[in-house]
Amino acid sequence: MDTITLQLFTALSVTSLLSQRVYGLENGLARTPPMGWLSWGTFRCKIDCVNDPKNCLREELFKEMADILIADGYYDVGYEYVNIDDCWMSRKRDQHQRLFPDPERFPNGMQGIANYVHDHDLKLGIYNTFGKTTCMGYPGSQGFLEIDAKTFAEWEVDMLKMDGCFTPVELIPDGYMDMHRYLNATGRQILYSCSWPFYEKLTQKMPDYNNIAKYCNMWRNSMDIEDSWNSILWIVDDFANNQDAHAEAAGPGHFNDPDMLVIGGSGLNVAQSEAQFGLWAILAAPLLMGNDLRKVKSEFRDVLLNVEVIAVDQDPLGKMGKRIFKDSWHGVDGWLRELSNQEFAILYFNRNPRGKKLFKTSLKKMSLPSNHTYDLRDLFLKKHFGHFKVEEEFQVTLPANGVKMFKASSCSLPNNYKHDGL
Ligand code: GLA
């Protein structure tokens, strides 16, 4: 190499190293929030295949879920990840310290499922914990991060959910950053889902979301979701109370995760299901279903397959929406998300558990700029709602514990408009 070439080579290497450090996460994944299904919501740690073969975490179950994603139209609207949560492993590592799946439940190894899922044009997600054991007591990745990253890559895994049970909080940031590096080093694109901020919050430590966003494609902010309305309320309020920090860190490649969709289980009615779906879309949240796909009734499937709400969730601008007002007198909250093409998603959320609520409002209350007119489309009824000047009052009818969600398209916004509050 002559001197000039050598200098150029060194300069390029330094630049590439620097850019690697600054843009470490830019692994090209999660440009919009990931969509799919994961086992924890319904199947938890069910491993008794003798007495409960239909609900046992094993190869057949995941293949069945993959089949339903395709047969019932989920894949067509964007759900593509089949994610295996806790309890897939053998209780011990092999003689090379590698993890391996329970051989009775996964007779063809993880590669067997990966092949099946990939043959169906779907993607495979897997789970482990940065700690000595997983939350359910299986071998964790602490001390084995590099081996585990390589193993997952060899199995052709597409996503890793890295939990943080039983990990001293001071080890958490470095552990998650190290795993990010090992995943990148495998050369395989593996979407990295972290529970980093949640475990910091548990010890009252304020997470540095902007740093987390450099290393993780998505991250769990709050406690585990349950299949109940109270659980949704708790998570939504937690997000609203921390929304500035959450929203600043969100964007294409890195999203906040309020946890699974519980729609299609037994805890939510249809109005509450629309509320979860609409709110998750406003939050630019991953849409990972935790239901039993075999048992989802058609009215709930319709919610999960609502392409207009999914389009809000998947909007390429990737901005997280915020709660703009909380009207405690009426029990109604107003949420707003800025979309690309100068559009907005608007959501009115009725906290009242009984009866319909007629709520009078205006777009001014959403802090949209005055002197403009918007066309509102009702995203759950899938029809035009009306044209309104920002100051003009209109009335929405909200179901008990339900939402009204609109896409607002400006008839007159200037090209360079930016909403100050978002
Ligand atoms: C934690 C996570 C859950 C699930 C379980 C599995 O509680 O937050 O989402 O993965 O562990 O043990």
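As a basis for the values below, the full set of heavy atoms in this structure was taken, side chains included, without hydrogen atoms, waters or symmetry mates. Note that ligands are numbered from 1 as they come in the structure, with each ligand's atoms numbered from 1 the same way.
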Exercise. Going by the angle between their ring planes, with limits at 30° and 60°, are Tyr215 and His180 parallel, tilted or perpendicular?
Worked result: perpendicular
Problem set entry | Selection residues 296-313 - residue pairs positive for side chain to side chain donor-acceptor pair (under 3.5 Å), sequence neighbours left out | Glu308-Arg377
Exercise. Which heavy-atom pair separates Gly140 from Asp148 by the least distance, and what is that distance?
Worked result: O-OD2, 4.4 Å
For this session: Record the part of Tyr127 in heavy-atom contact with ligand 1 below 4.0 Å; permitted values are side chain, backbone, both and neither.
Result: side chain
Exercise. Quick one: are Ile212 and Tyr176 in side-chain contact, heavy atoms under 4.5 Å?
Worked result: no
Problem set entry | For Met136, the ligand 1 atoms whose distance to one of its heavy atoms is below 4.0 Å | 12 (O)
Exercise. Of all the atoms in ligand 1, which lie at a distance below 4.0 Å from a heavy atom belonging to Cys135?
Worked result: 1 (C), 11 (O), 12 (O)
Exercise. How would you list, by chain and number, every residue that makes a side-chain contact (heavy atoms from CB on, under 4.5 Å) with Cys49, sequence neighbours excluded?
Worked result: Cys56, Arg58, Arg105
Problem set entry | Any N or O of Lys161 closer than 3.5 Å to N or O of ligand 1 | yes
For this session: Starting from atom 12 (O) of ligand 1, find the nearest protein heavy-atom neighbour and note its residue, name and distance.
Result: Asp86 OD2, 2.7 Å
Exercise. Where is the nearest protein heavy atom to atom 4 (C) of ligand 1: which residue, which atom, and how far?
Worked result: Asp85 OD1, 3.4 Å
Exercise. Is the closest heavy-atom distance from Arg220 to ligand 1 below 4.0 Å?
Worked result: yes
Exercise. Nearest protein heavy atom to atom 3 (C) of ligand 1, by residue and atom, and its distance?
Worked result: Asp224 OD2, 3.5 Å
For this session: Determine whether the side chain, the backbone, both or neither of Asp163 has a heavy atom under 4.0 Å from any heavy atom of ligand 1.
Result: side chain
For this session: Check whether any side-chain heavy atom of Tyr127 sits under 4.5 Å from a side-chain heavy atom of Cys135, and report yes or no.
Result: yes
For this session: Give, for atom CG of Asp257 and atom CZ of Arg220, the distance between the pair rounded to the nearest 0.5 Å.
Result: 6.0 Å
